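First comes the structure, then the notes that go with it.
Please read these numbers as outputs of a predicted model, since none were measured by experiment. All chains are named by letter (A, B, ...) in the order of the sequence lines, taking the proteins before the strands, and each is independently numbered beginning at 1.
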Amino acid sequence: MATRDPWSAFKNEAIALTAEALHAAYGITDTIDHLIEEPDPELADFAFPCYAFSQELGEPPHAIAQALEEALPPRDAVTITAQGPYLNFTIKPDKLVATTLESIREHGSTYGHAKPTNKNVLVEHTSANPTGPLHVGRARNPLLADTLVRILRAAGHHVTAEYYVNDMGRQAATLVYGAEEHQDALDEDAMKEDHRLVTAYQKASQALEEDESLEPQISERLQAFEDGDEEMALRFREVVTRAMTGIRATLERANVHHDNMKFESELVLNGTVDDVLERLKKLDACHQEDDGAWYLDMEALGLDTEKPQLFIARSDGTTLYATRDIAYHMDKHQRADTLIDVLGEDHKLHAQEVQTSMEALGENGDIDFVFYNFVSLPEGSMSTRAGRVVYLDDLLDESIERARQEVTERRGDELDEETIDRVARQVGLGALRFNIVSVQAEKPIEFRWENALNFEGATAPFVQYSHARTCGILENAGHDPGQTPQGDASLLTEDAEIQLARTLARFPALVKTWANQQKAHPVTSYAVKTASAFNDFYRDCPVLQADDETLKTARLSLVDAARATLANTLDLIGIDAPASM
RNA sequence: GCGCCUGUAGCCCAGUCCGGAUAGGGCGCUGGCCUCCUAAGCCAGUGGUCGUGGGUUCAAAUCCCACCAGGCGCGCCA
């Protein structure tokens, strides 16, 4: 049984050797795991900087490094050398290549995936109000989160991706009011329900803003719904479901999947929210206004805030987002070990309030948040009302269209219509997803078509193209992917071959790191590095025209390993790995 | 005003959590590479006061403080 994680196996060896040397040379038994670095591959694979013990031992770091080197007898798997103040470990190329190829050969499409952990993770993401189509400002949420979900699954966790459907707040009521009373404003030309409804929603919002006497249209609907009026519940459900059908279709196009749709109203109608509300009211920090509205004193609960009053019930008795969200998170805690919420940074305060309130109730307030900044347009932040908005549907259309032009230009005379269509979809969506996830969540993104739909340089098409090259070589050699004969790894001694194997070897360890950090963006950097390493190999090492058959077979093994790793990496980003493009 | 986030070459972005060996890519620009496994590729060159100023440290893009600039939040909205 080959290791699933070649890199960690070698790293553990470097850690053990360093500990052994410290003990042998100085009698030090400290844990030094966290001190082991992974420097520039030109220098070494692992390094132990000796500054840390310099003062304690009264010796200069380079002398310590020297002493540590001398304390260790030569090893089979790694070369150990003192270089200045560092004790460096370099995996012997033959071991590195052989171990890595064996691991990938054995695990194939699950290379990079860890053993199941039995940990249940619930990732709530997107959860956009069903008042209209997803726009690009918010599209960062599903794209980022779907990659995070894929990474967490690869790390062995059992993950549920959930969409929390706001079907009963003020905005939902406004949507229902719009759909029922402003039917003339429905966009009858629109192809999808979310696009049809949004115009009526906008009209309704505008009408409510201009005419205060319309307010009962909203409050009566909300009250009836919360009071358990079944006819009203059906009216809400019908409209919200229509909008959600459109939103879900968009997400599916973007290759984003939710395992569960949780309707907010469910927890209200089955009494859960009421129970929570009653418990909150019993808190010492809970007070009632003269008109009947209830609020929590957040300062009294220990939150240092400029907004001490967190309202949990309106004067008419209906509940608020915060109240329902507290109930929802309690519900989620019963269903999973770890909760992750992917939210826009505008929800930061709300998140704190929910956690503080849950803890005030003596409930588990552990929630991991991934906050992302917004995608804005050069002319400002997106606003549906101001018409300053790019819908995700339009962005998807445009990206596929531009990709189609690109494929046609490059290979129009070689490929048939069907293939061009396939590649356009793979490349268009790939470029888009890759571009959005490649940036750290907390950084703002200014949306520009030319960046989002770039097909050259550090982009998805670059990675996809490298993958297609691997497939092309295998096909020309007459092998199906994953079916190359085992080659003699010891023949792979060129720099480009070793560097490629080294890059492939890191993948499983990196997946674990990304999952632990709950970060999605580093996977794109890795994808580019891996593709580059393959391209260097492609440039320097002919495969089909290799000097002899045994070398050719060995190289084919490496090509197949690169193929599998590139495909698995792209899969984490939710991008297709085309066999040709 | 208070709180949180961001500030790395003309442009976009890694690296920052856990301080260490010359700050990495990409785009752009200049020049070169298709009788050779897909040129969405490759090679060479160009370009950086890591927002500013202090501090901690043997060592700071990374930690601390102040300031500047941009974003977000401070609803009986979600």
Closest-nucleotide mapping onto RNA chain B: is A:Ala531 or A:Pro542 further toward the 5' terminus? I mean the 5' end.
A:Pro542

Tell me the interatomic distance from [X], atom [atom1], to [N], atom [atom2], rounded to whole angstroms.
| X | N | atom1 | atom2 | result |
| --- | --- | --- | --- | --- |
| A:Asn476 | B:C36 | CG | P | 13 Å |
| A:Glu306 | B:G75 | CD | P | 10 Å |
| A:His329 | B:A78 | NE2 | C1' | 14 Å |
| A:Ile575 | B:A40 | CD1 | C1' | 14 Å |
| A:Phe371 | B:U6 | CZ | C1' | 16 Å |
| A:Tyr163 | B:A78 | OH | C1' | 12 Å |
| A:Lys307 | B:G73 | NZ | C1' | 9 Å |
| A:Arg140 | B:U6 | CZ | C1' | 11 Å |

Partner lookup for [N], please. Criteria are Watson-Crick or G-U wobble with both distances under 3.5 angstrom; report none if nothing qualifies.
| N | result |
| --- | --- |
| B:G7 | B:C68 |
| B:C18 | none |
| B:G45 | B:C29 |
| B:A78 | none |
| B:G24 | B:C13 |
| B:U57 | none |
| B:C36 | none |
| B:G73 | B:C2 |

Specify the closest pair of heavy atoms between A:Pro41 and A:Gln499, including all atoms of both residues, with the distance to one decimal.
CB-OE1, 4.0 Å

Atom of A:Tyr177, atom of A:Leu214 and distance for their closest heavy-atom approach
OH-CD1, 3.6 Å

Using the six-membered ring of A:Tyr538, assess whether NZ or CZ of A:Arg469 lies under 6.0 Å from its centre and within 45 degrees of the ring axis.
yes

Are the charged groups of [X] and [Y] less than 4.0 angstrom apart, N to O?
| X | Y | value |
| --- | --- | --- |
| A:Arg402 | A:Glu398 | yes |
| A:Asp346 | A:Arg138 | yes |
| A:Arg170 | A:Glu226 | no |
| A:Lys332 | A:Glu162 | no |
| A:Arg502 | A:Glu38 | no |

How is [X] classified with respect to the nucleic acid when contacts are heavy atoms under 4.0 Å: base, sugar-phosphate, or nothing?
| X | value |
| --- | --- |
| A:Ala128 | nothing |
| A:Arg324 | sugar-phosphate |
| A:Val423 | base |
| A:Val407 | base |
| A:Phe462 | sugar-phosphate |
| A:Glu442 | sugar-phosphate |
| A:Leu320 | sugar-phosphate |
| A:Ser580 | base |
| A:Glu456 | sugar-phosphate |

Output one letter per nucleotide in nucleotides 11-24 of chain B: B when a protein non-hydrogen atom lies under 4.0 Å from the base, S when only the sugar-phosphate is that close, - when neither is.
--SSSBBB-BBB--

Is the phosphate of [N], meaning OP1 or OP2, less than 4.0 Å from a side-chain N or O of [X]?
| X | N | result |
| --- | --- | --- |
| A:Arg410 | B:A40 | yes |
| A:Arg539 | B:C43 | yes |
| A:Arg314 | B:C77 | yes |
| A:Arg469 | B:A40 | no |
| A:Asn535 | B:C42 | yes |

Since syn is defined as within 90° of 0, does B:C34 count as syn or as anti?
syn

Out of [options], whichever nucleotide has its closest atom nearest the side chain of [X]:
| X | options | value |
| --- | --- | --- |
| A:Glu345 | B:C37, B:C27, B:G71 | B:G71 |
| A:Leu349 | B:C74, B:A40, B:C43 | B:C74 |
| A:Asn373 | B:A39, B:C76, B:C5 | B:C5 |

In this structure, are over 12 heavy atoms from other groups packed under 6.0 Å from A:Glu450 atom CD?
yes

Is the ring pair A:Tyr321/A:His347 parallel, tilted or perpendicular, if the boundaries are 30 and 60 degrees?
perpendicular

